[in-house]
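Here's the structure we're looking at; comments come further down.
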Amino acid sequence: MTGLRAGDTVALVTPAGPVRADLLDRATAALETWGLTVKRFATAGNRHPALRYLADTDERRAADFQAAWRDASVSAVICARGGYGTQRMLDLLDWDALRAAGPKIFTGSSDVTALHQAIAAHLGVPTLFSPMPGGSLWDEDAAAHLHRVLFDPGTPVVIHARDTLVPGTADGITTGGNLSLLASSVGAPEHRPVRGAIAILEDVAEDPYRLDRMLTQLLRAGWFADVTGIVLGSWTGCGDPAEVRTVLAERLGPLGVPVLWEAGFGHLPGSVTVPLGVPATIDGVVLTCGPYCAVRY
């Protein structure tokens with residue numbers, strides 16, 4: 001798997017919520033300015049006939065994702081936005097057929113965490129936890145960072161956090177994403193600890209007690225058992241930042257691993273792209289992720 005080049009074709013899909021027509025057009029135009037040909041699958045502009053928070057039925061969203069991944073002309077599958085609904089379609093995917101199609105670049109965040117975890121578990125392919133071009137937080141800085149990662153995948157991604165909750169150094173494989181999605185996936189086939197992992201966590205609009213509950217659930221489920229370090233992104237709309245920091249420090253500090261605070265990814269303007277499923281190191285306030293083009297299966 002290599003990076004993108006001008007002239008490549010990418011698929012724009014919506015595995016979760018619907019995208020407004022103007023934002024879908026903006027997403028297409030943004031990718032086209034990078035010299036890419038954009039293939040928009042049918043559900044990208046649709047809405048579920050009854051459940052208006054979904055882009056389409058589970059079957060159609062799953063079919064579009066599968067078709068995009070199996071399309072030999074498509075170099076990357078890019079999620080237009082998150083929302084809710086990705087988990088609903090996972091059991092409808094033919095993972096053997098997806099594996100046979102070979103690796104693809106895959107980008108998205110928020111609710112798309114469910115697909116990041118499923119792709120890692122079933123295909124072993126690194127993915128990119130990234131801002132989405134049809135989302136409300138897409139901006140010039142977020143686009144520029146994603147572009148650098150997509151078009152130069154052989155260069156390590158270096159991310160500077162604002163502070164540490166627990167100082168130290170660590171090595172591991174990046175995993176994780178949106179905290180609420182990870183917690184709600186406990187018991188699912190794809191939900192498994194990664195041995196020697198650096199966990200990447202963020203969330204939005206969750207009260208501190210809810211963050212506490214989700215972290216407690218993951219702790220009790222053993223998800224953090226083999227974690228070597230933790231990198232925390234944004235906690236937009238989660239209440240008093242000082243209280244959020246206290247909750248995260250109280251829950252994660254006893255693990256005895258380095259914990260970085262406010263690393264600039266998640267639900268915030270200018271969000272950086274974080275490769276998942278790649279070797280990484282924590283040193284002080286810096287997370288360095290190895291090239292994501294090193295396929296693991």
Side-chain angles (χ1 to χ4, degrees), residues 79 82 86 106-121 125-132 137 142 145-146 149 156-166 168-185 190-204 206 211 214-215 218-219 223-236 238 244-245 248-249 251-252 255 257-268 270-292 296:
C79 295
T86 305
F106 178 74
T107 77
S109 57
S110 194
D111 192 75
V112 179
T113 294
L115 262 173
H116 286 292
Q117 295 293 296
I119 290 169
V125 177
T127 57
L128 297 175
F129 190 83
S130 76
M132 295 170 285
L137 293 172
H145 192 262
L146 176 59
V149 177
V157 177
V158 180
I159 297 170
H160 294 262
R162 179 174 298 182
D163 194 5
T164 63
L165 299 186
V166 180
T169 61
D171 298 290
I173 302 295
T174 51
T175 189
N178 182 265
L179 174 59
S180 59
L181 264 293
L182 295 168
S184 64
S185 297
E190 299 82 13
H191 194 274
R192 59 188 72 176
V194 175
R195 182 166 297 174
I198 292 178
I200 308 298
L201 300 173
E202 63 85 33
D203 219 317
V204 61
E206 298 285 358
L211 299 177
M214 290 183 280
L215 289 168
L218 290 174
L219 286 164
W223 192 78
F224 289 104
D226 291 315
V227 164
T228 62
I230 300 170
V231 182
L232 303 174
S234 66
W235 305 94
T236 303
C238 292
V244 172
R245 180 179 174 123
L248 294 170
R251 290 281 70 198
L252 300 175
L255 292 171
V257 301
V259 182
L260 303 192
W261 175 251
E262 293 191 355
F265 63 87
H267 291 78
L268 77 169
S271 175
V272 298
T273 295
V274 185
L276 299 177
V278 302
T281 62
I282 291 174
D283 188 0
V285 295
V286 179
L287 171 71
T288 302
C289 301
Y292 79 88
R296 292 190 287 119

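Panel note: side chain Thr228, backbone Asp171; a donor-acceptor pair is recorded below 3.5 Å. With hydrogens and angles ignored, the 3.5 Å screen pairs a side-chain donor or acceptor of Ser271 with a backbone N or O of Gly266.
Put simply, the side chain of Leu115 does not reach to within 4.5 Å of the side chain of Thr127, judged on heavy atoms. In this structure the side chain of Thr288 never reaches within 4.5 angstrom of the side chain of Asp283, judged on heavy atoms. Inter-residue side-chain proximity for Val274 and Ile159 is flagged as met; some heavy-atom pair is nearer than 4.5 Å. Looking at heavy atoms from C-beta onward, Thr107 lies out of side-chain contact with Val149 at the 4.5 angstrom threshold. Contact annotation: the side chain of Leu287 approaches that of Ile200 to within less than 4.5 Å [non-hydrogen atoms, C-beta and beyond]. Using a 4.5 Å heavy-atom threshold, the side chains of Leu218 and Leu179 count as touching. Thr273 is not listed as a side-chain neighbour of Val157, based on a closest heavy-atom distance of 4.5 Å or more. Between Glu202 and Leu268, every side-chain heavy-atom pair lies at or beyond the 4.5 Å cut-off.
Rounded to the nearest 0.5 Å, atoms OG (Ser234) and CG (Leu201) are 11.5 Å apart. Between the OG1 atom of Thr236 and the CG atom of Asp203 there is a distance of 10.0 Å, given to the nearest 0.5 Å. The CG atom of Asp111 sits 8.0 Å away from atom OG of Ser180, with the distance rounded to the nearest 0.5 Å. In this structure, Arg162 CZ and Leu232 CG are separated by 13.0 Å, a value rounded to the nearest 0.5 Å. With values rounded to the nearest 0.5 angstrom, Met214 atom CE is found 10.0 Å from Leu182 atom CG. Of the inter-residue distances, the one linking Leu137 atom CG with His267 atom NE2 reads 7.0 Å to the nearest 0.5 angstrom.
Counting all heavy atoms, side chain and backbone alike, Ile198 lies closest to Ala280 at CD1-O, 3.6 Å. Residues Ser109 and Ser130 approach most closely at OG-O, 2.8 Å, considering heavy atoms. For Val278 against Gly290, the heavy-atom pair with the smallest separation is CG2-O, 3.7 Å. Taking both residues in full, the closest heavy atoms of Leu146 and Pro131 are given as CD2-O, 3.9 Å, listed atom of the first, atom of the second, then distance. Here the closest heavy-atom approach between residue Thr113 and residue Phe129 is recorded as OG1-CE1, 3.4 Å. Heavy-atom minimum distance, Val272 versus Phe265: O-CB, 3.7 Å.
The side chain to side chain contact (heavy atoms under 4.5 Å, CB included) with Trp261 is formed by just one residue from the set Thr164, Val285, Leu248; it is Leu248. Considering Val194, Leu215, Thr175 as possible partners of Trp223, the one that fulfils the side chain to side chain contact (heavy atoms under 4.5 Å, CB included) test is Thr175.
Residues Gln117 and His191 have side chains that never bring a donor and an acceptor to within less than 3.5 angstrom of each other.
Using bins of under 30°, 30° to 60° and over 60° for the plane-to-plane angle, the ring pair His116/Phe106 lands in the perpendicular bin.
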- Given the rule in the side-chain contact (heavy atoms from CB on, under 4.5 Å) test, do Asp163 and Glu262 qualify, once you have shown the distances and angles that lead to the verdict? CA-CA 7 Å; Asp163 194 5; Glu262 293 191 355; over 6 Å; no
